[in-house]
Amino acid sequence: MTAETLPSQTARSEALFARARAVTPGGVNSPVRAFRSVGGSPRFIREAHGAYLTDVDGNRYVDYIGSWGPMILGHDHPAVRGAILEALAGGTSFGAPGEREVLLAEAVTRITGAERVRFVNSGTEATMSALRLARGFTGRKYIVKFRGNYHGHADGLLVEAGSGLMTNAEGGLGQSAPSSAGVPEEYARLTLVSEYNDPAALDTLMRERGHEIAAVIFEPVVGNAGVLIPTPEFLAALHRVRDAGVLLIADEVMTGFRLSLNGATGLLGLSPDLTCWGKVIGGGLPVGAYGGRADVMDRVSPQGPVYQAGTLSGNPLAMAAGLATLAVLEADPGIYGRLEAYTSRLAEGLKSAAREAGVPVSVNQIGSMLTAFHQDAQDGSVRTYADAARSDTAAFARWFQAMLGRGVYWAPSQFESIFVGAAHTDAELEITMEAARAAYAGLGERV
Ligand SMILES: *Cc1c(COP(=O)(O)O)cnc(C)c1O
């Protein structure tokens, strides 16, 4: 490695991090940004354009986070910027309805087939509200989620959530402990946990407790334990939960408008009762949404008795960014094929570079999502949280730092997906592969 390829100046990031730690817990406003699982000092980002991030020290990185999913068109896309500027000229918040909310709701229902949609401000609000609605609709208390799936940080969903420490079942079938302090056991007890990609376990849970369960919520493709791809048998079992009067809730906050125009639902042929969206739907501004069957959604206030509200919900700037993003995606049907092509070339490149260096890596990739697990399982065979957890996180951390040092900003955790956007071209793929070959070779030498 040569000095001029190294983004080694980090003095300004380090100084900002020190100031941030004095005034904000851990110095960040969302935990994974702190680089705890890979070590080192997080880079403070000054600006982002296309496929690149530039930090406050002036280092430039090929970006594989895309703000954790929203930036499917790349940063600072002219259509999105233009739409935000146009909205800005008309004022930033009304606390009364406006046309953009109707336009975005029409776009979402047209694209997804949902009959009704309600906008909120984050993915967390979307899942939290969808579950309240499911309970209000069914009159049942319990919900089911899957080990290692993340649905935002509402109390009842911080149970066996993502890369948190695993706790074993206590107190009966499906019962588990909270994965955060501050979540009362009583709340956690209402969340039953089953194993992802285990249709038999879900069938058993439904047989024994289906009559008490309001909803099953799931990531149709998991991104939050690293990428895990569902088997057809598991998807079939998910759809069978409706036989017990249980609502099926697809959490498409990460996958919606990303894996296809109609998300994982379109790609995998799902038919959920309710769907949650976030990330891409806001085009980089804070938007979440939930929607689906009219008979269920019409239970939401003021139409129905299930309360849910938001001072900034349907915000004109946020709606404008979402509308512009969906308009670009809808007008360019080839975009998903191009994202897939780039990402599968990236997957093949990583596999062969790792193989040449003698580093064990198992790649899961679907559409523009990818995780390279540092373990010697066959490609595509990591299917559950337990499988993912067998990865060598220390090796991943060294590889991550080597990539960052060569100007490639990968997701700073082994248990996250990376996100490819439409601004990634052959030039970025070349930079990435050159960095990856060197990073794997560096790991290989230490073995
Ligand atoms: C990111 C994410 C959420 C939470 O969304 P926020 O906007 O961060 O609150 C929920 N579910 C899934 C699947 C996600 O990836």
Side-chain angles (χ1 to χ4, degrees), residues 28-34 64-72 112 118-132 134 143-164 179-180 191 193 196 215-230 238 248-259 263-265 267-268 270 272 274-291 308 310 312-313 315 318 321-322 325 364 366-371 385 388 411-413 415-419:
V28 291
N29 288 301
S30 198
V32 72
R33 299 179 193 171
Y64 283 101
I65 300 197
S67 189
W68 296 99
M71 313 313 301
I72 193 166
T112 68
R118 169 60 69 81
F119 293 114
V120 292
N121 305 287
S122 67
T124 293
E125 274 185 79
T127 58
M128 182 183 80
S129 307
L131 288 168
R132 180 181 303 137
I143 59 154
V144 173
K145 75 178 286 292
F146 297 96
R147 200 181 310 280
N149 283 201
Y150 177 72
H151 304 291
H153 65 86
D155 281 337
L157 288 167
L158 285 179
V159 178
E160 308 271 348
S163 48
S179 47
S180 165
T191 303
V193 177
Y196 198 77
V216 172
I217 188 167
F218 69 107
E219 284 187 73
V221 164
V222 179
N224 291 292
V227 172
L228 307 176
I229 297 167
L238 282 166
L248 184 61
I249 304 179
D251 180 355
E252 289 237 51
V253 170
M254 185 179 280
T255 52
F257 313 101
R258 170 164 288 280
L259 290 183
T265 296
L267 188 70
L268 303 173
L270 312 175
L274 295 175
T275 303
C276 302
W277 295 280
K279 297 184 174 133
V280 172
I281 201 175
L285 269 74
V287 181
Y290 63 108
Q308 186 268 306
L312 291 169
S313 294
N315 174 270
T325 299
N364 279 354
I366 180 167
S368 54
M369 294 170 63
L370 175 155
T371 299
Y385 184 85
S413 162
F415 305 112
E416 298 285 357
S417 176
I418 59 109
F419 300 98

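Remember, it's 1-based here, ligands and their atoms both numbered in the order they're listed. Remember, it's a predicted structure, so these values are computed and weren't measured experimentally.
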Inset, instruction - Scan side-chain atoms only and decide if E160 and Y385 contain a donor-acceptor pair under the 3.5 Å cut-off. - result: no
Inset, instruction - Taking only heavy atoms of H151 into account, list the atoms of ligand 1 that are under 4.0 Å away from them. - result: 10 (C), 11 (N)
Inset, instruction - Would you kindly specify which portion of N149 sits under 4.0 Å from ligand 1, judged on non-hydrogen atoms: side chain, backbone, both or neither? - result: neither
Inset, instruction - May I have the step-by-step check of side chain to side chain contact (heavy atoms under 4.5 Å, CB included) for Y196 and V222, ending in yes or no? - result: CA-CA 9 Å; Y196 198 77; V222 179; 3.4 Å; yes
Legend entry - Which of the ligand 1 atoms, numbered from 1, are nearer than 4.0 Å to a heavy atom of M254: 15 (O)
Inset, instruction - Please lay out, stage by stage, how T265 and T112 fare under the test side chain to side chain contact (heavy atoms under 4.5 Å, CB included). - result: CA-CA 8 Å; T265 296; T112 68; over 6 Å; no
Inset, instruction - Keeping the roles fixed (side chain from D251, backbone from F218), state whether a donor-acceptor pair exists under 3.5 Å. - result: no
Legend entry - Ligand-residue contact atoms, ligand 1 with E219, heavy atoms, under 4.0 Å: 13 (C)
Legend entry - Contact (N/O only, under 3.5 Å) between T124 and ligand 1: yes
Inset, instruction - Check each atom of ligand 1 against the heavy atoms of Y150 and keep those under 4.0 Å away; list them by number with element. - result: 11 (N), 12 (C), 13 (C)
Legend entry - Interfacing atoms of ligand 1 (cut-off 4.0 Å, heavy-atom, S122): 7 (O), 9 (O)
Inset, instruction - Write out the residue and atom name of the closest protein heavy atom to atom 3 (C) of ligand 1, then the distance separating them to 0.1 Å. - result: V253 CG1, 3.6 Å
Inset, instruction - Please identify which atoms of ligand 1 are closer than 4.0 Å to at least one heavy atom of G152. - result: 3 (C), 4 (C), 10 (C)
Inset, instruction - Indicate whether any N or O donor in one side chain lies under 3.5 Å from an N or O acceptor in the other, for Q308 and R118. - result: yes
Inset, instruction - Could you tell me whether the side chains of T255 and E252 share a donor-acceptor contact shorter than 3.5 Å? - result: yes
Legend entry - Minimum-distance protein heavy atom relative to atom 7 (O) of ligand 1: G123 N, 2.9 Å
Inset, instruction - Please confirm whether the backbone N or O of V159 pairs with a side-chain atom of K145, one donor and one acceptor, at under 3.5 Å? - result: yes
Legend entry - Polar side chain donor-acceptor pair, R258 to S368, under 3.5 angstrom: yes
Inset, instruction - May I ask you to identify the nearest protein heavy atom to atom 11 (N) of ligand 1, giving residue, atom name and distance to one decimal place in Å? - result: D251 OD2, 2.6 Å
Inset, instruction - Identify, for atom 1 (C) of ligand 1, the protein heavy atom at the shortest distance, and state residue, atom and that distance. - result: K279 NZ, 1.6 Å
Legend entry - Side chain T371, main chain N364, donor-acceptor under 3.5 Å: no
Legend entry - Contact check: T127 vs ligand 1, nitrogen or oxygen atoms, below 3.5 angstrom: no
